Asker: 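Quick one: this structure, given as structure tokens, is what I'll be asking you about.
Residue numbers begin at 1 in each chain, while the letters A, B, ... track the order of the sequences. Since we're looking at a predicted model, the values are computed, not measured.
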2 protein chains.
Amino acid sequence: MTKHDIVLFAKAFADDTRQKIMKLCCCEWLSVNEIVERLGNVTQPTVSHHLAVLREAGLVDARHEGKQTFYSLNQQRVVSCCGQLMLNFAPESDVTEAVADKLE
Amino acid sequence: MTKHDIVLFAKAFADDTRQKIMKLCCCEWLSVNEIVERLGNVTQPTVSHHLAVLREAGLVDARHEGKQTFYSLNQQRVVSCCGQLMLNFAPESDVTEAVADKLE
DNA sequence: TTGACAAATAGACAACCATCAATATAATAA
DNA sequence: TTATTATATTGATGGTTGTCTATTTGTCAA
């Protein structure tokens, strides 16, 4: 978990559309078209672009099936990035200590 | 803690210079000039700009003293934003549950 | 092989942002 | 008051990014 990873992680979250996509595929696998339909206000290429950003940040997993590609949020990645953020920038918090215990 | 807050929080972290500034004033109060000197590669107006971004995200506290302004990272804010992120985007993780217990 | 559908990629454009030099504001000292 | 120091603000500039349309690639069915 390098500093670069944390910047990529933050960049990924620094956009409302991407947050909506992550919320959608938080606990289920969705095809690109399903994401496009549920968002309702962005085109398919735009969604593909955002999914590429999320992939590069390690925040979504992809699974190919026939013509379709299904995506799902990598919750473990969210946890470890948030944990790292707390370790780096909130070392004096007891919440951080609790997270550190759980993460090791 | 609205969705807008989370986007502001992520934007604040989505820049390497701002991460360095936050690291510097993580556990102490620093004047703007001290931050400029410790960074070494950015001008004073640039630092003031970044501090404004961090202020608007609620991530630093400011204290005026004479001509100087001292800044310090708000660690509690880091914790609550990270916690909210985990609650929203990693609800199935046991680390998230541990954080939720601590945060209430 | 052809046609249809799903997703990714390319290219263009406008909006945003990180940075700087220059200037303004505010507080103190002489 | 005038000069000096610390910080904030303004305006400009180059780079990045979110979005779109158009096209390409890949997969399957007829």
Side-chain angles (χ1 to χ4, degrees), chain A residues 3-25 28-74, chain B residues 3-25 28-74:
Chain A
K3 180 169 235 174
H4 182 245
D5 288 329
I6 299 294
V7 172
L8 281 189
F9 170 77
K11 276 186 198 290
F13 271 95
D15 179 81
D16 189 55
T17 301
R18 277 197 293 275
Q19 284 202 18
K20 284 178 185 157
I21 292 174
M22 286 188 273
K23 203 65 196 283
L24 283 175
C25 62
E28 59 180 323
W29 290 86
L30 291 182
S31 72
V32 176
N33 259 337
E34 280 171 324
I35 295 170
V36 172
E37 283 165 16
R38 295 203 195 181
L39 287 176
N41 60 344
V42 278
T43 65
Q44 174 265 314
T46 297
V47 170
S48 278
H49 161 70
H50 286 308
L51 287 169
V53 172
L54 295 174
R55 247 176 8 237
E56 275 153 41
L59 280 166
V60 292
D61 298 318
R63 181 168 56 93
H64 295 275
E65 203 165 301
K67 309 182 227 182
Q68 306 185 79
T69 309
F70 292 86
Y71 286 89
S72 183
L73 185 64
N74 182 342
Chain B
K3 177 170 240 176
H4 182 245
D5 288 329
I6 299 293
V7 173
L8 281 189
F9 170 78
K11 275 186 198 292
F13 271 95
D15 180 80
D16 190 55
T17 301
R18 277 196 294 274
Q19 285 201 18
K20 284 178 184 156
I21 292 173
M22 286 188 275
K23 202 67 195 283
L24 283 175
C25 63
E28 58 180 325
W29 290 87
L30 291 181
S31 72
V32 177
N33 259 337
E34 282 171 324
I35 295 171
V36 172
E37 283 165 16
R38 297 204 193 182
L39 287 177
N41 61 344
V42 278
T43 64
Q44 174 267 312
T46 297
V47 170
S48 276
H49 161 69
H50 285 309
L51 287 169
V53 172
L54 294 173
R55 250 178 2 241
E56 274 152 41
L59 280 166
V60 292
D61 298 319
R63 182 169 54 95
H64 295 275
E65 201 164 303
K67 309 182 227 182
Q68 307 186 78
T69 309
F70 292 87
Y71 287 89
S72 184
L73 184 64
N74 182 342

Asker: Please classify the nucleic acid contact of Ser48(B) as base, sugar-phosphate, or nothing, using heavy-atom distances under 4.0 Å.
Answerer: base

Asker: Mind calculating the distance between CG (Leu51(A)) and C1' (dA6(C)) to the nearest angstrom?
Answerer: 13 Å

Asker: So which atom in Ile6(B) and which in Gln19(A) form the shortest heavy-atom distance, rounded to 0.1 Å?
Answerer: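 Heavy atoms only, the tightest pair is CG2-NE2, 3.4 Å.
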
Asker: Which heavy atom of Arg18(A) sits nearest to which heavy atom of Lys11(A), and what is that distance?
Answerer: NH2-O, 3.0 Å

Asker: Measure the shortest side-chain to side-chain distance between Gln68(A) and Glu34(A) over non-hydrogen atoms and say whether it is less than 4.5 angstrom.
Answerer: no

Asker: Would you jot down, in residue-number order, the residues of residues 60-68 of chain B having a non-hydrogen atom under 4.0 Å from DNA chain D?
Answerer: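 Going residue by residue through residues 60-68 of chain B, the ones with a heavy atom under 4.0 Å of DNA chain D turn out to be Lys67(B), Gln68(B).
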
Asker: How many whole angstroms separate atom CD of Glu56(B) from atom P of dC17(C)?
Answerer: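 Spelled out: CD on Glu56(B) to P on dC17(C) is 11 Å.
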
Asker: Report the distance from atom CD1 of Ile21(A) to atom CG of Leu59(A), rounding to the nearest 0.5 Å.
Answerer: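 It comes to 12.0 Å.
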
Asker: Can you name the atoms? Protein N/O to nucleotides 18-20 of chain C N/O, anything below 3.5 Å, with the distance.
Answerer:
| unit_1 | atom_1 | unit_2 | atom_2 | d |
| --- | --- | --- | --- | --- |
| dA18(C) | OP1 | Arg18(B) | NH1 | 3.4 |
| dA18(C) | OP1 | Arg18(B) | NH2 | 2.8 |
| dA18(C) | OP2 | His49(B) | NE2 | 3.4 |
| dT19(C) | OP1 | Thr17(B) | OG1 | 3.1 |
| dT19(C) | OP2 | His50(B) | NE2 | 2.2 |
| dC20(C) | OP2 | Thr43(B) | N | 3.0 |
| dC20(C) | OP2 | Thr43(B) | OG1 | 3.1 |
| dC20(C) | OP2 | Thr46(B) | OG1 | 2.8 |

Asker: Counting heavy atoms not belonging to Lys23(B), are there more than 12 under 6.0 Å from its NZ?
Answerer: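 Counting neighbours around NZ of Lys23(B), 12 or fewer heavy atoms of other residues, nucleotides or ligands fall under 6.0 Å, so no.
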
Asker: Which residue in the set Thr17(A), Val42(A), Ile35(A) passes side-chain contact (heavy atoms from CB on, under 4.5 Å) when paired with His50(A)?
Answerer: Thr17(A)

Asker: Could you check how far CZ of Phe70(A) sits from P of dA7(C), rounded to whole Å?
Answerer: 7 Å

Asker: Under 4.5 Å between any side-chain heavy atoms of Leu39(A) and Leu24(A), yes or no?
Answerer: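 With C-beta onward as the side chain, the pair touches.
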
Asker: With heavy atoms of chain A within less than 4.0 Å as the criterion, where does contact along DNA chain D begin and end?
Answerer: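 Answer, 5' to 3': dT17(D) to dC28(D).
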
Asker: Nearest 0.5 angstrom please: Asn74(A) CG to Leu54(A) CG, how far?
Answerer: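 Asn74(A) CG to Leu54(A) CG: 11.0 Å, rounded to 0.5 Å.
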
Asker: If you take all heavy atoms of Arg55(A) and Val60(A), which pair is closest and at what distance?
Answerer: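 Looking at all heavy atoms of both residues, the closest pair is N-CG2, 3.7 Å.
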
Asker: Minimum heavy-atom separation for Asp61(A) to Trp29(A), with atom names?
Answerer: O-CZ3, 3.5 Å

